[in-house]
Number of protein chains: 2
Amino acid sequence: MAEENQELRKAGLKVTLPRVKILQILETSQLASGHMSAEDVYMALRTAGEDVGLATVYRVLTQFEGAGLVTRHNFESGHSVFELARGEHHDHMVCVDSGEVVEFTDPVIEQRQREIAAQHGYELVDHSLVLHVRKKASPV
Amino acid sequence: MAEENQELRKAGLKVTLPRVKILQILETSQLASGHMSAEDVYMALRTAGEDVGLATVYRVLTQFEGAGLVTRHNFESGHSVFELARGEHHDHMVCVDSGEVVEFTDPVIEQRQREIAAQHGYELVDHSLVLHVRKKASPV
DNA sequence: TTGGTTGCAAACAATTTGCATAAAT
DNA sequence: ATTTATGCAAATTGTTTGCAACCAA
């Protein structure tokens, strides 16, 4: 009877074991700053002894996305990663070598984006910015 | 004997019919500002009466990417789109309603990205920025 | 000639879907 | 009792690969 139940109800979703568990996993995951693939979540579930099918993980994550509980990213082709939506927006930096993910926001960039869209007669609805970075070459 | 041959040679690739044709298709494509999926290229080829296999299209596009002739984007999950690399880098603006693609670059954003990466101990290798925009509401 | 290239079909990986069963309200 | 969710396996989609035939250098 944790607050997860409320979150789910508020999102209009029935409170079921798989949904609660998946929510908990996402909340506690420190993996890549909380960015998990469906497979990651699936494995975390069975490590936790929960017997939830992979198809259900996909279904639930997609529902969560629709409900705004979770954000889906396509950092690289081939598969998506999901993270809990914590209200405030942020962008990502992904290390091309290690896969580490760092989050950041920059008001200058945010502002310029709005201006640029406006210059072309558009309004900014959303955006996705991913910096592909590499640890600074440290002297050998 | 068009200039495509030179481009291919310069890239260290044998001049073959599929490669030349695919290069031409990408050059002449006005589809979504020249952003085509492998499937798009494949269909354009057979429309042009060329009998090239889909697997070859994938192989050639991947080779082109490696050779720097083409850039691969993962705007959305599930499939990649390719565009001719015309030297200068640029970002994209995609209209959420019409799917229109507009290209742009902004020195301010470029600069900030480098600074932000550096602040976190990284160097910027590459980045991808996509603005999701909508035509400004025009007064009814 | 000779090694790179292609086409086709089979192989793959990520994700989705059909359907009978199980669980939530 | 109803309605919705789950598990499993089969189906899809996008992409890659093995291999024999083929073609450019």
Side-chain angles (χ1 to χ4, degrees), chain A residues 1-2 4-25 35-46 48-67 69-82 99, chain B residues 1-2 4-23 25 35-46 48-67 69-82:
Chain A
M1 300 58 236
E4 278 95 20
N5 295 19
Q6 295 315 312
E7 293 197 60
L8 289 172
R9 287 219 175 71
K10 207 159 44 175
L13 295 169
K14 240 184 216 176
V15 178
T16 66
L17 187 141
R19 303 221 255 237
V20 174
K21 279 299 172 192
I22 291 176
L23 206 44
Q24 287 177 351
I25 298 239
H35 296 76
M36 307 182 80
S37 67
E39 197 74 31
D40 290 335
V41 173
Y42 177 64
M43 295 200 293
L45 281 167
R46 27 192 53 218
E50 300 297 339
D51 201 352
V52 176
L54 181 55
T56 299
V57 173
Y58 275 106
R59 271 186 292 234
V60 170
L61 286 174
T62 301
Q63 292 160 346
F64 283 5
E65 183 191 14
L69 291 175
V70 146
T71 306
R72 178 196 303 252
H73 298 289
N74 300 131
F75 291 157
E76 57 218 287
S77 178
H79 72 290
S80 306
V81 296
F82 303 81
Chain B
M1 315 173 145
E4 278 94 20
N5 294 22
Q6 295 315 312
E7 293 198 60
L8 289 172
R9 288 221 175 71
K10 207 159 42 176
L13 296 169
K14 238 182 218 179
V15 178
T16 65
L17 187 141
R19 302 221 256 238
V20 174
K21 279 299 172 192
I22 291 176
L23 206 44
I25 298 239
H35 297 78
M36 306 182 80
S37 67
E39 197 73 31
D40 289 336
V41 173
Y42 177 63
M43 295 200 292
L45 280 168
R46 28 191 52 220
E50 300 297 338
D51 200 351
V52 177
L54 181 55
T56 299
V57 173
Y58 274 106
R59 271 188 293 235
V60 169
L61 287 174
T62 301
Q63 292 161 346
F64 282 6
E65 184 192 14
L69 290 175
V70 146
T71 305
R72 179 195 304 252
H73 298 289
N74 299 131
F75 290 158
E76 57 217 285
S77 177
H79 73 289
S80 307
V81 296
F82 303 81

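A, B, ... follow the sequence lines: proteins, then strands. Residue 1 opens every chain. We use all heavy atoms of the structure for the numbers below, so side chains are in, but hydrogens, waters and symmetry mates are not.
- Here the C1' atom of nucleotide D/dC8 and the CG atom of A/D51 are 11 Å apart, to the nearest Å.
- The distance from atom CE of A/M36 to atom C1' of C/dA14 is 17 Å, rounded to the nearest whole Å.
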For residues 35-45 of chain A, run the donor-acceptor check on the side chains, cut-off 3.5 Å, and write out each pair with its distance to 0.1 Å, sequence neighbours left out.
residue : atom : partner : partner atom : Å
A/H35   : ND1  : A/A32   : O            : 2.7
A/H35   : ND1  : A/S33   : O            : 3.0
A/H35   : NE2  : A/E83   : OE1          : 3.3
A/H35   : NE2  : A/H92   : NE2          : 2.9
A/S37   : OG   : A/E39   : N            : 3.4
A/S37   : OG   : A/D40   : N            : 3.0
A/S37   : OG   : A/D40   : OD1          : 3.4
A/S37   : OG   : A/D40   : OD2          : 3.1
A/D40   : OD2  : A/S37   : N            : 2.9
A/Y42   : OH   : A/R46   : NE           : 3.4

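- In this structure, CG of A/L61 is placed 13 Å from C1' of C/dA14, rounded to the nearest angstrom.
- One atom, NZ of A/K21, and another, P of D/dT6, lie 14 Å apart when rounded to the nearest Å.
- Taking atom CD of A/E4 as the reference point, atom P of C/dA24 lies 16 Å away to the nearest angstrom.
- You'll find the side chain of B/V70 stays beyond 4.5 Å of the side chain of B/R72, heavy atoms only.
- Between B/T62 atom OG1 and B/E65 atom CD the span is 6.5 Å, to the nearest 0.5 Å.
- Residues passing the salt bridge (Lys or Arg N to Asp or Glu O under 4.0 Å) test with A/E76: none are found, sequence neighbours excluded.
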Heavy-atom contacts, protein to nucleotides 13-25 of chain D, under 4.0 Å, summarised as B (base), S (sugar-phosphate only) or - (none) per nt, yield -SBBBB-----BS
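- For the pair A/L13 CG and D/dA5 P, the interatomic distance rounds to 7 Å; values are reported in whole Å.
- A distance of 10.0 Å separates CZ of B/R59 from CG of B/L54, quoted to the nearest 0.5 Å.
- Between the C1' atom of C/dA24 and the CD atom of A/Q63 lies a distance of 14 Å, rounded to the nearest Å.
- The shortest distance between side-chain heavy atoms of B/E7 and B/L23 falls below 4.5 Å.
- If you measure from atom CG of A/L8 to atom P of D/dT6, you get 10 Å, rounded to the nearest angstrom.
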